[in-house]
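By convention here, the first residue in the shown sequence is residue 1.
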Amino acid sequence: MNSPAKGLLPILLCLLLSSVPVLAQQKLTFAVISFEQSLNELTAQNPQYERRDGGGDRYAIVRVKTTSPDDDLREYQFNFGLLKHIVGGMHDDELWVYVQRNAKSVTISRKGYATIKQYDLRTTIQPGCTYVMQLSPEAAPVSLQTVKFNVVPADAKAVVTVQSDQKGAQTERLDSVDPSGAIAKSLPLGTYTYTIMAPDYKPYERRLLLNEPNQTLVEKVVLEPDFAEMTLRATPEADIYVNGELHGRGTWAGRMKSGTYEVECRQQRHKPSALTLTVRAGEPRTVNLPTPTPITGTLNVTSRPLGATITIDGKGYGQTPKSIEQLPIGQHRLTLARANYTTEQRDFEIKENETTEVDVTLNDIARMTIASSPSGAQLSIDGKAVGQTPYSADMASGDYQLRLAYKGYRDFSARVHLDSSQPATTITLRRQHLRPTGGYLSVQAQRGQLMAAGGAVGAYIYNVNVEATYLMGLSNSGDIYWNSTADGERPRLLCYKPTVMGLRLGYGIILGTRARLTPQAGMSAVQLKSNDGSSKGSATAATVGLRADYAVLSHMALFAAPEMSVALSKSDVFSQLADVSSKIKAWGTGFNLRAGLMVYF
């Protein structure tokens, strides 16, 4: 037994399929917005336009107009029932329809539009009369298709224009492509001609057909170059002109459109060279341009004494005497130099095909200048004090013994060659950071048998060193148990901490301007004191060591002093404590290293 649902399914399917044609057949509409007689108009009675029916009666004329300027009235069909009518053709923007008398209604149809059936004319057509009918059609929807242009190369700065094949259509400019070389536009269906223009590329023109609504047509366009990558090379000093326009100097590289060019190389004091250059699209080339021809003259140069080195505009030409040919015309600068003589310069002019004579006398006496850094140093020349730097005097070229002295700097003493060709001599003095005489203060730490920190004060007097130190121990002895034999005195648990005082003598050896080594020998005293102050001990030791100083800044230095100490004498308390504590025993004898920061003056 079939269910009711299965019986309804074929019916619903038939209804669905039957609705498709109905939807597909939806049409546009038009309307008759007016129909009236044109009174006092006798066009239908004019022998030039009149027409008669079989009974001899004149036809009436219906002048059909439209409200849409793009509407084609010839697409309309008219039916006046049993009454005859004749479509008389277009007159200006009107369609003339000839109608027999007595017509009262009309059926109007047009392909793609809904038909107006039996439209009531609200009058009876009279023979030989003229009537006016106004139609208003619904605008037909425009079907569009998108066309996308992909232009290669993307950076060609291409501009796209399109023109429809419809009569009277105007060219439409779509603007430039985007950085990827693409541009898109939606256009009505039809046939078009598009053109793509880009600088340095040949115009590209093609036709395309748009017949797929709501789709995208992709046009890939590869532009053909109308240029070549060219490199023009000339001598470095020559200017390159192309068709009279300056392009660069020495070398120019870039795009040139296909064609013929006049290329010139221009250079001062030279005759220009010329070349006719033909550029072919897609053929890159490097063109070596002809060198401009120099316009020259001759120079004869001599000197007293002979053998001077000749330099003209920075270029060497050997030694005097000499005749130099093919020098470019114009102004030049001559430089003559000879050892132990003052360098001389002369300006001269070379004229075309002429010889210029130059004779120069050199001088071995010059105004010599001796300077120092810092200035103000005491200067002696050949053992004679002459004053402070900077010092200037007329002197002959030669070797001189110079000595410069400046407080805080190392003395300079050397045999120096003074040359009139280079009359200025500057001597840089080296700052003497560590000097034979001066005092110092330091903060220091000690590591080794005795860990301690403290300070020192000292002095150098003509390199003889005297130094006093004071150090406080950074560690203690640990707990030491005292058991007294005195009556009534209880055993005690004590802890000792040391202090060290020392006195050293030495002799400083200065190395350069920043370093100094000082061998030292002296005495030191180690003092022990218990935490409650009830017990004290001491030891005296001999010390020998080496102090090393290095100046890092003006008046500031780092130092390190390794030192060995040997105990000479110990108090009874110190001896007793040394017997029970290895720490205290080492405090009086052993190796230690002191290091720290020193301020010297």
Side-chain angles (χ1 to χ4, degrees), residues 233-239 249-251 265-271 291-373 375 379-382 386 389-404 412-429:
R233 289 182 177 172
T235 57
E237 298 82 11
D239 293 327
R249 171 171 289 186
T251 300
C265 292
R266 303 178 188 176
Q267 186 176 344
Q268 287 186 352
R269 306 171 186 173
H270 289 68
K271 296 178 181 178
T291 303
T293 304
I295 306 172
T296 64
T298 302
L299 171 68
N300 285 338
V301 59
T302 186
S303 67
R304 287 188 296 273
L306 300 176
T309 300
I310 303 170
T311 304
I312 300 176
D313 299 334
K315 181 179 179 182
Y317 285 88
Q319 293 183 336
T320 59
K322 192 166 188 179
S323 179
I324 304 169
E325 299 178 346
Q326 295 185 345
L327 282 176
I329 61 171
Q331 292 291 326
H332 299 271
R333 173 156 289 190
L334 168 68
T335 302
L336 295 180
R338 194 177 189 278
N340 299 324
Y341 287 85
T342 304
T343 299
E344 299 288 344
Q345 290 186 335
R346 297 290 187 274
D347 291 328
F348 65 95
E349 182 180 3
I350 293 294
K351 297 182 180 179
E352 185 175 2
N353 299 325
E354 294 185 10
T355 299
T356 301
E357 302 284 346
V358 176
D359 186 8
V360 179
T361 299
L362 303 178
N363 191 352
D364 66 342
I365 301 296
R367 189 73 177 173
M368 303 287 189
T369 299
I370 302 172
S372 67
S373 177
S375 61
L379 173 64
S380 296
I381 301 177
D382 290 339
V386 295
T389 58
Y391 171 80
S392 294
D394 291 332
M395 303 170 64
S397 298
D399 294 332
Y400 295 87
Q401 184 69 34
L402 300 186
R403 185 179 184 279
L404 289 91
F412 174 87
S413 181
R415 194 153 188 85
V416 176
H417 179 76
L418 299 180
D419 194 333
S420 59
S421 61
Q422 296 178 335
T425 300
T426 300
I427 298 170
T428 300
L429 302 179

[X]: side chain to side chain contact (heavy atoms under 4.5 Å, CB included) partners, not counting sequence neighbours:
X    : answer
Q345 : R333, T335
N353 : none
T296 : P294, Q326
E357 : N300, T355

Task: Over 12 foreign heavy atoms within 6.0 Å of CD, Q422 - done: no
- Query: Counting only heavy atoms not in Q331, do more than 12 sit closer than 6.0 Å to its CD atom?
  - Reply: yes
So ring pair (Phe, Tyr, Trp, His ring centres under 6.0 Å) across residues 322-346, not counting sequence neighbours, yields H332-F348
If you take all heavy atoms of [X] and [Y], which pair is closest and at what distance?
X    : Y    : result
I365 : N363 : N-OD1, 3.0 Å
I350 : P328 : CB-O, 3.6 Å
E344 : R346 : OE1-NH1, 3.4 Å

Name all residues meeting the side-chain hydrogen bond (donor to acceptor under 3.5 Å, both in side chains) criterion together with [X]; count only those two or more places apart in sequence or in a different chain, and write none if there are none.
X    : value
R403 : D411
T320 : S303
T251 : none
R233 : none

Are M395 and Y400 packed together at the side-chain level, in the sense that at least one heavy-atom pair is separated by less than 4.5 angstrom? yes
Flag the pair T428 / F412 as yes when at least one side-chain heavy-atom distance between them is below 4.5 Å, and no otherwise.
no
When rounded to the nearest 0.5 Å, the distance separating OG1 of T343 from CG of L362 is 8.0 Å
Excluding sequence neighbours, so at least two apart, what forms salt bridge (charged side-chain N to carboxylate O under 4.0 Å, His left out) with [X]?
X    : value
D359 : R304
D419 : none
D394 : R367

Verdict with supporting geometry, S420 and S397, side-chain hydrogen bond (donor to acceptor under 3.5 Å, both in side chains) | CA-CA 5 Å; S420 59; S397 298; 2.9 Å; yes
Worked check of side chain to side chain contact (heavy atoms under 4.5 Å, CB included) between T298 and L327: CA-CA 6 Å; T298 302; L327 282 176; over 6 Å; no
Might you work through the side chain to side chain contact (heavy atoms under 4.5 Å, CB included) test for I370 and V416, ending with a clear yes or no? CA-CA 11 Å; I370 302 172; V416 176; over 6 Å; no
_I'd like to know whether H417 forms a side chain to side chain contact (heavy atoms under 4.5 Å, CB included) with N340, so could you lay out the CA-CA distance, the side-chain angles of the two residues, the decisive distance to 0.1 Å, and finally the verdict._
CA-CA 10 Å; H417 179 76; N340 299 324; 3.0 Å; yes
Q. In terms of side-chain heavy atoms, does S392 have a donor or acceptor partner in T369 at a distance below 3.5 Å?
A. yes
**Full working for salt bridge (Lys or Arg N to Asp or Glu O under 4.0 Å) between D239 and R249** = CA-CA 4 Å; D239 293 327; R249 171 171 289 186; 2.8 Å; yes
Report the C-alpha separation of K351 and I295 in whole Å, then their side-chain angles, then the decisive distance to 0.1 Å, and conclude whether the side chain to side chain contact (heavy atoms under 4.5 Å, CB included) test is met.
-> CA-CA 9 Å; K351 297 182 180 179; I295 306 172; over 6 Å; no
